[in-house]
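Down below is the structure, laid out as structure tokens.
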Amino acid sequence: MPELPEVETIRRDLAPQVQGRRVASVEVLWERSIAVPPAPEFVGRLTGRTITGVDRRGKFLLLRLDQNETLAVHLRMTGRLLYRPAGAAPDPHLRVRIVFEGGDELRFTDQRKFGRLYLLDPSGLDTLFARLGPEPLDAAAGREQFLALLRQRRGALKPLLLNQATIAGLGNIYVNESLFRAGLHPLRRAETLTEEERARLYNAVRETLQAAIAHGGTSIATFLSALGSSGRNQDYLLVHQRAGQPCPRCGTPIARIVVAGRGTFFCPRCQPLP
DNA sequence: CATTACCTGCAA
DNA sequence: TTGCAGGTAATG
């Protein structure tokens, strides 16, 4: 489900609720939701920890804990992190329940069971992040790193941008939207880009993500923030899932093809293949 | 590169 | 019944 803007929305909603809270008990209802360590050890090490902060790296949400531990959560397609007050009604597809002192809960629910939780020490975190590219919303360093990677990589832009090693946090929605904003065809090959086009792509990625965060994320099918609210960015999508509808810039019908196995939406006129 | 596997639910 | 869905690791 969520890409960078959705994870960032969850982070912002969740942080004030869980900051400083101590974990009283943990219940794992679907063991494979725990990537590492094995579920019994996961429960033992997480119980008694206090949450000191909430961060994000790419699509990973990071709950910082005392004892130098971090609970990293990747929601994949349908995962949700829901903060629920004590005694709240059950949620469907509950996989992991984290109960705080006082009875409030953080619930990990996941219809398709692709999402994963990782309880890691600092070196484990380094390993997890080793293959992540730059943070698109970070300042100058991220820009240079991204432009450098684009200069050396070859092949179609769409699979390149879906690869988290190129830039961290993009998924299908925001790759489609970013390429439209940049006026670049999804099958355009990276090695044919001009420096001006590379810069345009970088700027388009940032504008697309920042707008989506400002709208609280995109709720097409299943995304909910930590407090259970939907995002509004689905009302602002320019091309994603809009096949046959007029391009917002020129009126040409939006096309749909499959690239990298994913539905790919673009304007044939605004995003020509040279 | 593309395809498959991991899973479930919904719409066509 | 088939195809599709916002992800990614493994495989060809």
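In what follows, chains are A, B, ... by sequence order, proteins preceding strands, each numbered from 1.
When the side-chain nitrogen and oxygen atoms of H74(A) are compared with OP1 and OP2 of dG7(C), none of them lie within a distance under 4.0 Å. For K113(A), no side-chain nitrogen or oxygen approaches OP1 or OP2 of dC6(B) to under 4.0 Å.
Map F265(A) and A260(A) each onto its nearest nucleotide of DNA chain C; the residue landing nearer the 5' end is F265(A). Mapping K59(A) and G261(A) onto DNA chain C by nearest heavy atom places G261(A) at the nucleotide closer to the 5' end.
With distances taken from any side-chain atom of R32(A) to the nucleotides dC1(B), dC7(B), dA5(C), the minimum falls on dC7(B).
At least one side-chain heavy atom of L14(A) sits under 4.5 Å from a side-chain heavy atom of L106(A).
Among R107(A), R97(A), R95(A), the one residue that satisfies the side-chain hydrogen bond (donor to acceptor under 3.5 Å, both in side chains) test with E27(A) is R97(A). None of V175(A), L170(A), I167(A) except one satisfies the side-chain contact (heavy atoms from CB on, under 4.5 Å) rule with L162(A); the exception is V175(A).
As a whole-Å value, the separation of L170(A) CG from dT8(C) C1' is 14 Å. The distance between atom CZ of R76(A) and atom C1' of dA5(B), rounded to the nearest whole Å, is 11 Å. The CG atom of L132(A) sits 13 Å away from the C1' atom of dG7(C) (whole-angstrom rounding). Regarding N172(A), its CG atom lies at a distance of 8 Å from the P atom of dA5(C), rounded to whole Å. Nucleotide dT8(C) holds its P atom 13 Å from the CG atom of L161(A), rounded to whole Å. At whole-Å resolution of the value, CZ in R57(A) and C1' in dT8(C) are 16 Å apart. Atom pair F60(A):CZ and dA9(C):C1' shows a separation of 12 Å (rounding to whole Å applied). The CG atom of D110(A) sits 11 Å away from the C1' atom of dC6(B) (whole-angstrom rounding).
Here E177(A) lies out of heavy-atom contact (under 4.0 Å) with every strand. Contacts of G171(A) with the nucleic acid, taken as non-hydrogen atoms under 4.0 Å apart, involve only primed sugar atoms and P, OP1 or OP2. Heavy atoms of R154(A) sit under 4.0 angstrom from primed sugar atoms or phosphate atoms, though from no base atom. As judged by a 4.0 angstrom heavy-atom cut-off over every strand, R256(A) is placed among residues touching the sugar-phosphate backbone only.
dC1(B) is paired with dG12(C) under the criterion used here, namely a Watson-Crick or G-U wobble arrangement in which both key atom distances are under 3.5 Å.
Defined by atom type and a distance below 3.5 Å, a donor-acceptor pair is present between the side-chain atoms of S225(A) and D13(A).
The aromatic ring of F114(A) does not sit over the base of dT8(C); the criterion of centres under 5.5 Å apart with planes under 30° is not met.
More than 12 heavy-atom neighbours from other residues, nucleotides or ligands sit within 6.0 angstrom of CZ on R249(A).
Relative ring orientation between Y236(A) and H215(A) is described as parallel, the plane-to-plane angle staying below 30° on a 0-90° scale split at 30° and 60°.
Side-chain to base pairing of R112(A) with dA5(C): one donor and one acceptor N or O lie within less than 3.5 Å of each other.
Pairing each heavy atom of T47(A) with each of V26(A), the nearest pair is OG1-CG2, 3.9 Å. Taking each heavy atom of G263(A) and N176(A) in turn, the nearest pair found is O-ND2, 3.4 Å.
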Below 3.5 Å between N/O atoms, which protein atoms pair up with nucleotides 10-12 of chain B? Just atom names and distances, please.
none

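Taking atom C1' on both dC1(B) and dA5(C), the two are 23 Å apart, rounded to the nearest angstrom. A distance of about 15 Å separates the P atoms of dA10(C) and dC7(B), rounded to the whole Å.
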